[in-house]
Amino acid sequence: MIRVEDLSFRYSSGAFRLRVPQLSLTEGERLAIVGPSGSGKTTLLNLIAGILTPETGCIEVAGTNVSGLPNAARRRFRASHIGFVFQDFALLDYLTARQNILYPYRITPALKLDSAARGRAEALAEASGIGDKLDRHPEALSQGEQQRVAICRALVTQPKLILSDEATGNLDPESKGRILDLLFEQAATAGTTVLAVTHDHELLPRFERVIDFAQYREVAEV
Ligand code: ADP
Ligand code: MG
């Protein structure tokens, strides 16, 4: 599902350099990434999602060389294949929770907003404990509730790959468990691959594999 080879990346500003010699995930696999703050975990997720492009190396998702696609095609590919839970949620404040969850359907013509999709949005919201808050705007939701909206948005399209960046960071222990149940339930039924960055060490036993990202850190010598 994911194949990364000889990846190297640097931001145009700053000395940070990320190198990942090899990383692969099979379909349906659940991999957790841990590692110190600033070690490049978010950067890697952004590279896999095609939000950033590598300097050198290859990133393949579901058989497609993501970094080789032109910008518009890369955005389309991301919207239809990848569910991304951003570390900062990235909710739109002028949309309600329901509209935020269904946002992928607004921006991706290939995705049909039908009653099944609306039903999934309701069911996901219900299962994650925000079923009664769907008509609120983000400003009227707590951090944990906003985070759940972001997670529902990542799941609603039933993507083949879910990238999750500290998705349980703002939740209490019980909600963390419930959110992970949701994620993994979907993964099991749809064969979804899950790549999750997490600081929650108590959640690690629920993943099949854990990678410590400290090994990939390499700050360019100036
Ligand atoms: P993590 O998610 O592991 O905390 P990040 O991937 O967010 O780490 O960041 C890795 C490094 O890249 C950090 O040193 C950070 O300051 C730097 N960095 C992140 N985003 C940018 C950016 N847009 N421009 C320049 N440097 C950045
Ligand atoms: Mg991060």
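In listed order, ligands and their atoms are each counted from 1. Note that the structure is predicted; figures quoted are calculated from it, not measured.
Taking every heavy atom of S37 and a limit of under 4.0 angstrom, the matching atoms of ligand 1 come to 4 (O). Listed by number with element, the atoms of ligand 1 under 4.0 angstrom from any heavy atom of S13 are 24 (N), 25 (C), 26 (N). Of all the atoms in ligand 1, the ones that sit under 4.0 Å from a non-hydrogen atom of T43 are 5 (P), 6 (O), 9 (O), 10 (C).
Residue contacts with ligand 1 do not include G35, since none of its heavy atoms lies under 4.0 Å from the ligand. Note on ligand 1: P36 sits in its first shell, one or more heavy atoms being nearer than 4.0 Å.
Side-chain atoms of S67 and N65 include a donor-acceptor pair closer than 3.5 Å.
With contacts defined as side-chain heavy-atom distances shorter than 4.5 Å, the pair V156/Y105 qualifies.
For residue T43, no N/O/S atom approaches the Mg ion (ligand 2) to within less than 2.8 Å. Not one N/O/S atom of S37, from backbone or side chain, sits under 2.8 Å from the Mg ion (ligand 2).
Between F16 and ligand 1, a contact under 3.5 Å exists for no N or O pair.
Of the possible polar contacts, none joining the D200 side chain to the L203 backbone as a donor-acceptor pair under 3.5 Å is found.
At the Mg ion (ligand 2), the vertex angle linking OE1 of Q87 with OG1 of T42 is 80° (nearest 10 degrees).
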